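Accompanying notes for the structure given below.
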Amino acid sequence: QVQLVESGGGSVQAGGSLRLSCAASGSTFSSATVAWFRQAPGKERMFVSALRWSGGNTGTHYTESVKGRFTISRDRARNVVYLQMSSLRPEDTAVYYCSLANSRLIVSRLWTEDNYDYWGQGTQVTVSS
């Protein structure tokens with residue numbers, strides 16, 4: 001059984017940085033997609049970033065509002081995916097969820113929650129102005 005555990009959330013002032021971690025256990029993945037979604041209070045859960053790989057072929061993707069500020073990366077040996085968040089803004093405040101699909105999703109499928117097989121419990125990120 002695959003489990004995803006997020007960590008690294010917290011409270012920061014605008015302009016600060018946080019690094020979220022998503023640790024996967026229960027399997028190793030030669031091909032997969034790991035994505036971060038976030039849900040702000042009173043809003044739907046939205047796609048933030050994804051990293052997809054198949055063998056040595058890796059791709060990263062970001063929603064427009066975080067491009068240039070967030071970086072997604074992977075520690076293959078540790079089965080951990082990171083989301084480095086910099087220049088944080090109050091509008092980045094949300095619960096951040098890690099998700100995993102058992103395949104390298106095509107780009108058009110990255111943004112849809114239903115395409116992911118596993119989810120973490122979420123970690124709160126609060127950015128104050």
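All values reported here derive from a predicted model rather than from experimental measurement.
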Seminar exercise, completed: In short, R69 meets D92 closest at the heavy-atom pair NH1-OD2, 2.8 Å

Exercise. In this structure, are over 12 heavy atoms from other groups packed under 6.0 Å from Q3 atom CD?
Worked result: no

Exercise. Taking side chain as C-beta onward, heavy atoms only, is V2 less than 4.5 Å from S25?
Worked result: no

Exercise. If you count the non-hydrogen atoms of other residues, nucleotides and ligands that lie under 6.0 Å from CD in Q39, is the total more than 12?
Worked result: yes

Exercise. To the nearest 0.5 Å, how far apart are OG in S31 and CZ in R52?
Worked result: 11.5 Å

Problem set entry | Within 45° cone and under 6.0 Å: R45 NZ/CZ vs Y97 ring | yes

Exercise. Is any NZ, NE, NH1 or NH2 atom of the basic residue among R109 and D114 found under 4.0 Å from an Asp or Glu carboxylate oxygen of the other?
Worked result: no

Seminar exercise, completed: Nearest heavy-atom approach of P41 to T93 is CD-O, 4.4 Å

For this session: Would you kindly confirm whether L110 and L4 end up in one hydrophobic cluster when ILVMFWY residues are joined by side chain heavy atoms under 4.5 Å apart?
Result: no

Exercise. Among the clusters formed by ILVMFWY side chains lying less than 4.5 Å apart, do F37 and V107 turn up in the same one?
Worked result: yes

Exercise. Side chain of R104, backbone of A32: donor and acceptor closer than 3.5 Å?
Worked result: no

Exercise. To the nearest 0.5 Å, what is the distance between OG (S99) and CG (N115)?
Worked result: 10.0 Å

Exercise. Looking only at heavy atoms, what is the nearest atom pair of G8 and L18, with distance?
Worked result: O-CD2, 3.8 Å

Exercise. Under the 6.0 Å and 45° cation-pi test, does R38 pair with Y96?
Worked result: no

For this session: Give the intermediate values and the outcome of side chain to side chain contact (heavy atoms under 4.5 Å, CB included) for residues I72 and V81.
Result: CA-CA 7 Å; I72 192 169; V81 171; 3.8 Å; yes

For this session: Would you please classify the geometry between the F47 ring and the W111 ring as parallel, tilted or perpendicular, with 30° and 60° separating the classes?
Result: tilted

For this session: Answer yes or no for R76 and W53: cation-pi contact, defined as NZ/CZ to six-membered ring centre under 6.0 Å and angle to ring axis within 45°.
Result: no

Exercise. Side chains of Y62 and S49: closer than 4.5 Å at any heavy-atom pair?
Worked result: yes

Problem set entry | Backbone of T123 reached by a side-chain donor or acceptor of E6 within 3.5 Å | no

Exercise. Is there a path from W36 to W119 through hydrophobic residues (I, L, V, M, F, W, Y) whose side chains come within less than 4.5 Å of each other?
Worked result: no

For this session: With side chain to side chain contact (heavy atoms under 4.5 Å, CB included) as the test, would you mind laying out the steps for Y118 and N102 before giving the verdict?
Result: CA-CA 9 Å; Y118 304 97; N102 280 323; 3.6 Å; yes

Exercise. To the nearest 0.5 Å, how far apart are OG in S128 and CG in L88?
Worked result: 10.5 Å

For this session: Report yes if some heavy atom in the side chain of R74 is under 4.5 Å from a heavy atom in the side chain of V80; otherwise report no.
Result: no

Exercise. What are the two closest heavy atoms between Y116 and A50, and how far apart are they?
Worked result: OH-CB, 4.4 Å

Problem set entry | Minimum-distance pair of heavy atoms, taken over all atoms of V12 and S17 | CG1-O, 3.9 Å

Exercise. What heavy-atom pair brings T33 and L105 nearest, and what distance separates the two atoms?
Worked result: OG1-N, 2.8 Å

For this session: Identify the residue among L20, L83, T63, T60 that makes a side chain to side chain contact (heavy atoms under 4.5 Å, CB included) with F70.
Result: L83

